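Everything on this sheet refers to the single structure shown next.
Worth saying up front: this structure is predicted, and the values here are computed from it rather than measured. All residue numbers in this chain count up from 1 along the given sequence.
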Amino acid sequence: FGRQSYVGLGGSFGAVDLGRQYTPFFIALDSIDPFSTGLTGATTNLMNSGTVRTNNAIQYSSMNMGGFTANVLYGLGEKAGNTSLNSTTDLSLNYANGPIGVYGAYDYQKLTPTNRQKLALLGGTYDFSVVKAYLAYETEKDEAVGRSMDYRDWMVGVTVPLGSGTVIASYINKKDRSGANLGGKQYALGYTYAMSKRTTLYTSYG
């Protein structure tokens with residue numbers, strides 16, 4: 001159960017799932033990362049992905065309405081004496097239709113009685129056929145007694161199909177607005193080659 005383990009019900013109303021699940025925030029970030037949050041150039045090297053997978057989670061996923069979908073997740077902290085402690089509230093609103101993809105997400109975690117993390121993400125993709133463009137902007141705030149972290153992150157990337165292969169590139173800039181000088185920059189370049197329907201070779205550098 002290192003990744004997902006859940007049960008649920010789905011129908012014309014959408015779907016309700018219970019258990020350990022990927023958060024809507026992480027899925028949104030993964031959708032606007034040309035490296036798919038993997039390889040050397042993953043956005044998660046500098047951008048915050050939240051809890052990624054949340055235990056004890058209750059999630060509602062809407063049906064597709066003309067390209068629009070919505071997801072709401074609440075992860076119960078299950079801490080004795082304080083049931084909201086270590087809890088996660090996560091939601092996303094997405095639009096994917098034709099060459100266009102737009103993704104917005106928010107993540108709130110109550111890590112300790114005095115430590116709260118808030119993440120907001122907005123990004124999108126556009127497929128020009130000869131190249132697919134990616135853009136993302138994220139705000140990160142981590143509030144605790146005697147400490148406050150505040151970041152602004154943005155990413156721009158592309159994927160370029162070349163025969164049976166794809167060139168991947170991205171640039172990420174992380175700005176620290178708290179004065180601690182903990183920002184950074186990342187340049188990444190990768191290439192994948194489909195040897196068959198089941199086998200892909202890949203390399204990347206960041």
What is the distance from atom [atom1] of [X] to atom [atom2] of [Y], rounded to the nearest 0.5 Å?
X	Y	atom1	atom2	value
Ile32	Leu135	CD1	CG	8.0 Å
Lys141	Gln117	NZ	CD	13.0 Å
Met47	Tyr137	CE	OH	10.0 Å
Phe35	Thr37	CZ	OG1	11.5 Å
Ile172	Gln186	CD1	CD	4.5 Å

Strictly by modelled atom types, are [X] and [Y] linked by a side-chain donor-acceptor pair under 3.5 Å?
X	Y	value
Gln4	Gln21	no
Asn71	Ser61	yes
Tyr151	Arg177	no
Asp30	Ser36	no
Ser84	Lys110	yes
Asp90	Thr88	no

Quiz prompt | Verify same cluster id: Val158, Leu39 (apolar side-chain graph, 4.5 Å) | solution =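 Hydrophobic grouping puts Val158 apart from Leu39.
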Practice problem: Kindly work out whether a path of hydrophobic side-chain contacts (I/L/V/M/F/W/Y, heavy atoms less than 4.5 Å apart) joins Leu18 to Leu76. | Solution: yes
Exercise. Please test Lys174 against Glu138 for salt bridge (charged side-chain N to carboxylate O under 4.0 Å, His left out), starting from the C-alpha separation and ending with a verdict.
Key: CA-CA 9 Å; Lys174 185 181 193 74; Glu138 180 183 59; 5.3 Å; no
Would the distance check show the side chain of [X] and the main-chain N or O of [Y] forming a donor-acceptor pair, the cut-off being under 3.5 Å?
X	Y	answer
Ser49	Val52	no
Ser196	Thr199	yes
Arg116	Gln109	no
Ser31	Ile27	yes
Ser62	Ala70	yes
Thr23	Phe26	yes
Asn86	Gly77	no

Practice problem: Please report the C-alpha distance between Thr166 and Tyr193 in whole Å, then the side-chain angles of each, then the deciding distance to 0.1 Å, and finally whether the side-chain contact (heavy atoms from CB on, under 4.5 Å) criterion is met. | Solution: CA-CA 7 Å; Thr166 302; Tyr193 181 81; over 6 Å; no
Self-check item: Residue that, paired with Asp33, satisfies side chain to side chain donor-acceptor pair (under 3.5 Å) out of Thr125, Thr44, Thr43
Solution: Thr43
Quiz item: Is any side-chain N of the basic residue among Asp127 and Lys132 closer than 4.0 Å to the acidic one's carboxylate O?
Solution: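 No, this pair does not count.
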Quiz item: Between Lys175 and Asn173, does a side-chain contact (heavy atoms from CB on, under 4.5 Å) hold up when you go through it step by step?
Solution: CA-CA 6 Å; Lys175 286 186 178 288; Asn173 187 302; 3.4 Å; yes
Practice problem: Measure up the Tyr126 and Phe128 rings against each other and bin them: parallel (under 30°), tilted (30 to 60°), perpendicular (over 60°). | Solution: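 Correct class here is tilted.
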Quiz item: What is the minimum heavy-atom distance between Phe25 and Asn48, and which atoms define it?
Solution: CE2-O, 3.3 Å
Quiz item: Between Asp142 and Asn115, does a side-chain contact (heavy atoms from CB on, under 4.5 Å) hold up when you go through it step by step?
Solution: CA-CA 7 Å; Asp142 193 336; Asn115 185 359; 2.6 Å; yes
